[in-house]
Amino acid sequence: MLAVVFLLLLSRRGCSPADAPDFAAHFGSKTRYEDSAAHRRMLLLSPPPPPPELLDDRSCSPMHLTAVVRHGSRYPTAKNIRTIRKLSDLMASSRGAGPEGDGDLDAARWRDVLRRWDMWYTDDMDGQLAAKGREDLRNLASRLAEAFPTLLGEESLRGGGGGLRVLTSSKRRCVASAEAFQEGLHRRANVTPVSYRQRVDDGLLRFFDHCRGYVERVEKNSTALREVHKFKDGPEMAALTRKAASKLGLPDGVLTPDLLEAAFYLCSYELAVKSLHSPWCFLFDRDDAKVLEYKCDLKLFWKRAHGHAINLLASCPLFHHIFRTLDKAGRPRRSTEPAPEPASILVGHAETLLPLLGLLGLYKDETPPTADNFRLQQGRQFRSSLLVPYAANVVLVLLDCARGPRLRLLVNETPVRFPGLPDEDAPLYRDVRAAYRHLLDGCDFREACEGGGRPPNTEL
Ligand SMILES: *[C@@H]1O[C@H](CO)[C@@H](O)[C@H](O)[C@H]1NC(C)=O
């Protein structure tokens with residue numbers, strides 16, 4: 001099975017590199033899945049060889065799969081679009097005004113292209129799933145079905161073991177992604193669906209909206225995100241803004257860090273939505289992209305991950321839901337009893353996946369990222385471009401083995417080990433439960449989100 005996943009990863013096709021800027025793997029949470037995967041391969045984060053304990057245990061067979069999946073490539077949100085419009089207006093009105101920046105002929109040509117750039121985004125696109133985003137989910141479903149045919153194949157689609165359970169966030173891009181995922185499974189199995197079935201559950205997939213403590217202590221609290229604000233006003237961003245303003249021939253101070261970021265993400269959206277190497281990309285090189293990627297990571301770290309304990313604890317309902325589902329699927333049963341539910345698919349956001357990865361104890365660096373340690377963080381594990389690109393996924397596969405059920409974890413289709421069980425690729429499920437005992441017995445959403453007391457420990 002490991003070999004299959006690995007081969008799938010190798011055979012994944014993306015656009016050829018010439019179609020995309022060379023920093024396409026550094027767009028943070030706006031990175032395309034294929035660019036993220038290509039970068040992971042380059043970093044040699046390929047799966048380790050299968051551990052001996054699994055080679056001996058040849059009787060393993062997958063019995064259940066739970067997948068938490070992010071929606072696919074999307075249009076900019078209404079707020080993003082407003083900033084993009086400001087940027088486009090600024091560029092259009094800069095005709096002939098001010099110094100012409102660096103005298104580079106090439107730069108002059110780009111400036112001209114950007115002045116005449118057609119602002120084609122409209123407010124109603126507001127974060128919706130793009131056609132490419134549907135494709136992201138169809139392709140992911142198809143690859144997972146290939147790796148786990150007994151769980152995501154024809155029999156499950158026809159309702160075997162109660163069939164698939166699909167829960168989604170209420171956002172349209174997630175509902176559309178949940179459909180596209182099912183479409184991918186049906187197409188691959190050559191099954192004509194009557195209709196796709198998914199149920200909205202924001203309590204599970206948009207838990208952050210329902211956690212008062214989180215909203216008050218983090219979301220509405222600018223102190224909680226001070227490292228992000230500090231970095232935005234810091235020397236790295238200032239240097240980048242000056243350089244871009246000069247390339248654009250804009251006078252000092254006109255191009256704000258917000259507008260600079262809009263240009264960067266515009267480059268990402270044109271690629272993710274239209275497969276286009278946008279002229280806006282010309283403002284940046286790979287080192288510039290790494291600065292903006294870091295800004296995205298800082299924000300996600302302090303707002304959605306290890307930065308504050310409450311960020312993680314808000315996802316306790318999802319954590320409990322997943323383990324309850326695994327408990328049920330792994331329960332010993334007589335041969336006369338029906339097979340366990342083959343798969344549970346949960347479709348949400350980057351903000352759904354990051355706290356879950358955090359609770360699982362993954363991607364926690366020794367030193368937290370701050371406004372001042374960009375240089376020291378070059379080798380950090382917490383990198384949103386690799387963790388939460390479009391269609392990011394966390395997959396837990398319960399295996400039926402001779403010595404009892406085992407659990408395998410895949411993050412973006414790459415095998416990952418549980419931090420508490422670093423020696424095993426697919427540890428016994430009971431050992432996984434023991435490693436997370438403190439969360440399984442605690443991790444109380446109500447207490448964490450409504451109570452005023454000290455948050456419980458999330459350390460492993
Ligand atoms: C805001 O965040 C800071 C830093 O995390 C924290 O010390 C403070 O208590 C928070 N304020 C509120 C109102 O929760």
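Index from 1, following the sequence. We use all heavy atoms of the structure for the numbers below, so side chains are in, but hydrogens, waters and symmetry mates are not. For ligands, and for the atoms within them, numbers begin at 1 and follow the listed sequence.
Among T223, N221, L225, the residue whose heavy atom lies closest to atom 10 (C) of ligand 1 is N221.
Partners of T256 under the side chain to side chain donor-acceptor pair (under 3.5 Å) rule, at least two apart in sequence or in another chain, do not exist in this structure. Take D288 and apply the salt bridge (charged side-chain N to carboxylate O under 4.0 Å, His left out) test, not counting sequence neighbours, and it matches K243.
Each of the following atoms of ligand 1 lies closer than 4.0 Å to a heavy atom of A224: 2 (O).
The closest side-chain donor-acceptor pair between N80 and Y269 falls under 3.5 angstrom. At a cut-off of 3.5 Å, with distance as the only test, a side-chain donor of S385 or E293 sits close to an acceptor on the other residue.
With hydrogens left out, the protein atom closest to atom 5 (O) of ligand 1 is H308 CE1, 3.4 Å, a heavy atom.
For atom 7 (O) of ligand 1, no protein heavy-atom neighbour is present inside the 4.0 Å cut-off.
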